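A quick write-up on the structure given underneath.
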Amino acid sequence: MALHPEYLRVFWKTQHQLLRMDGALSLPERHYVAIMASARHHCVYLVSLHTACFLQVGGDPRWLEGLSYAPLKLRRLNDVNKYLAHRPWLITKEHIKSLLKSPGGHAWSLAELIHALVLLTHFHALSSFILGCGIYPPEGKDFIRRPSSPDVRISERCSTPQEAERVLAQMKELDEEEQEEPSEEEMETRFEEEKRECVMVTSNGDPVHSVSASVLCFLEDPDFGYIDFSRRGEQTPPTFHAHDYTWEDHGYSLLHRLYPEVGQLLDDKFQVAYNLTYHTIASHSEVDTFKLRRAIWNYIQCIYGIRYDDYDYGEVNRLLERSLKVYMKTVTCHPERVTRQLYNDFWRQFKHSEKVISKLVLQQKITLAAYL
């Protein structure tokens, strides 16, 4: 992340606000929610880190024996946690109501719940980023280590096909074709085709590492995970039209009203990730990378059944090669399955810093999809 100082700065400000500054949740509760969120994606790195932080701020060690030892109020977050992590389209207002109106002193205040939800989405996305970078503990151990860079040596790069040249050529063609705008029907057809294509892009088999006992104890329903939003022969939820409920017009104003200190920070983080570019692609400079970045941004939303009505999804297939799609879907939906081979297989000509930008975009779109 430090390869991109502008993003790192706003990331640290956001995390500092969530974990250390004034907020509705106590310090131990914040770190425990972080543990719960990280455990959903088997992120041992974050579970270990926040276990240590939980104890440092005075958390009850008994809670660390597993989720069943935590207060009922925290345990009741489990359903929302697993839905947000794996199938956010299943969240309904009834889930929120049940947390706010629980009898017996176990209800959440609105301020507490907002704080918890922001923490959950933050650490779900951060888990994907960390696992996408190949950060695992040594085999059989649950302590944190400084990971080696997954960078690819020059000798490992493949000269054919020329990915950078192919992407540049496709972006140039798209610029030349902009005068011929497709009809609304054609735009919808292309989105539905891309949605079906998402199902065909399969992630990388089983988890790379067995689930650590230090993670498993914080999971209820550990087998619950992502399923394709659009599956052939099955009834699926209706497509979510992003313009009906946007972060800019609705999500930001709601969060700014309920948790103003974080609303602006999240907006800054989204904007930095969306606009982050150094105008380069591999060895090429002075390149307008907007179309490529937008294709990545919108493809991730498509995986969750979210559509931007004014976007031509035909651009996705032209700009994103299959190996990149496989990596993106795995990091987004099954980050515990990411392997070094998956990382090495896409954008072989691109710089390591450019590949990290794709992961920062993934991180923000996972978060944003959950808010929508």
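The structure displayed is predicted, hence computed values, not measured ones.
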Any chance the rings of [X] and [Y] have centres within less than 6.0 Å?
X      : Y      : value
His334 : His41  : no
His86  : Tyr226 : no
Trp247 : Phe270 : yes
Phe218 : His42  : no
Tyr83  : Phe224 : yes

Judged by atom type as modelled, is there a donor-acceptor pair below 3.5 Å linking the side chain of [X] to the main-chain atoms of [Y]?
X      : Y      : value
Tyr313 : Tyr308 : yes
Gln301 : Ile306 : no
Glu188 : Glu185 : no
Tyr327 : Gly132 : yes
Arg76  : Ser98  : yes
Ser128 : Val331 : yes

Give the table of side-chain donor-acceptor pairs shorter than 3.5 Å for residues 63-70, with sequence neighbours excluded, one pair per line with atom names and distance.
none

If only side-chain N and O atoms count, and only distance matters, is there a donor-acceptor pair under 3.5 Å linking [Y] with [X]?
X      : Y      : answer
Asn81  : His124 : yes
Thr277 : Thr289 : yes
Asp249 : His243 : no
Asp309 : His241 : yes
His284 : Glu165 : yes
Glu321 : Ser323 : yes
Tyr252 : Gln264 : yes

Is the ring pair Phe346/Tyr343 parallel, tilted or perpendicular, if the boundaries are 30 and 60 degrees?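 If you compare the ring of Phe346 with that of Tyr343, the planes turn out perpendicular.
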Side-chain donor-acceptor pairs under 3.5 Å in residues 8-20, sequence neighbours left out?
residue, atom, partner, partner atom, Å
Thr14, OG1, Val10, O, 2.8
Gln15, OE1, His122, NE2, 2.8

Between Arg294 and Tyr311, is any pair of side-chain heavy atoms under 4.5 Å apart?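 Heavy-atom side-chain distance check passes, below 4.5 Å.
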